Amino acid sequence: VQLQASGGGLVQAGGSLRLSCAASGRTFIGTVMGWFRQAPGKEREFVASISWSGLTALYADSVKGRFTISRDNAKDTVYLQMRSLKPEDTAVYYCAIGNRGGSHASGYDYWGQGTLVTVSS
């Protein structure tokens, strides 16, 4: 299984970015896809997750109202639309996929390599 994340970069505070993560290597029917992030010197934290149907999405309080997670099952791809970015959103963003999902890393079985998002003030 491979997860390839892309879309990171440098953006000014208040700007937007869209992350993508394409999965391959097996069937992903019924799985949950999610995004986590890790800022320098901090632990990895949950950002958002979305169910297979797309009907259930979870968000960390810190990103609610600013970030939107979505998925395209035909492409085995999950997206993270990030708006009103803040310097504290600076981190390496990781996509993940698993059968249980949720806000804990233990709910995910496969991880991408990460993509760096830097928000300047």
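Everything quoted here is computed from the prediction, not taken from an experiment.
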### Query
Is any side-chain heavy atom of V63 closer than 4.5 Å to a side-chain heavy atom of M82?
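Result no, sub-4.5 Å side-chain heavy-atom pair not found.
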
### Side chains of V117 and D89 in contact at under 4.5 Å (non-hydrogen atoms)
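Counting from C-beta outward, V117 and D89 never come under 4.5 Å.
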
Ring geometry between Y93 and F67 (parallel below 30°, tilted from 30 to 60°, perpendicular above 60°):
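Tilted, since the angle between the ring planes falls between 30° and 60°.
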
Donor-acceptor pairs under 3.5 Å, side chain of residues 11-29 to any protein atom, not counting sequence neighbours: which ones?
none

Is a side-chain N or O of [X] found less than 3.5 angstrom from the main chain of [Y], in a donor-acceptor match?
X	Y	answer
S121	P87	no
R100	D109	no
N73	W52	yes
T90	V119	yes

Are [Y] and [X] linked, directly or through intermediate hydrophobic residues, by side-chain heavy-atom contacts shorter than 4.5 Å (ILVMFWY only)?
X	Y	value
Y59	Y108	no
W111	V92	yes
F36	L3	no
V1	V78	yes

Can you name the closest pair of heavy atoms from I69 and A57 and give their distance?
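Smallest interatomic distance, heavy atoms only, reads CG2-CB, 3.9 Å.
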
What is the distance from atom [atom1] of [X] to atom [atom2] of [Y], rounded to the nearest 0.5 Å?
X	Y	atom1	atom2	value
Y79	D72	OH	CG	5.0 Å
L80	T68	CG	OG1	8.0 Å
M33	I97	CE	CD1	4.0 Å
T31	D76	OG1	CG	7.5 Å

Check this for me: Q2, atom CD, are more than 12 non-hydrogen atoms of other residues, nucleotides or ligands nearer than 6.0 Å?
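No, because the 6.0 Å sphere around CD of Q2 holds 12 heavy atoms or fewer from other groups.
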
Can you list, pair by pair, the side-chain donor-acceptor contacts under 3.5 Å of residues 38-48, counting residues two or more places apart and other chains?
| residue | atom | partner | partner atom | Å |
| --- | --- | --- | --- | --- |
| Q38 | NE2 | K42 | O | 3.1 |
| E45 | OE2 | R37 | NE | 2.6 |
| E45 | OE2 | R37 | NH2 | 3.2 |

- Query: Is K64 salt-bridged to D61, cutoff N-O under 4.0 Å?
  - Reply: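 D61 and K64: salt-bridged.
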
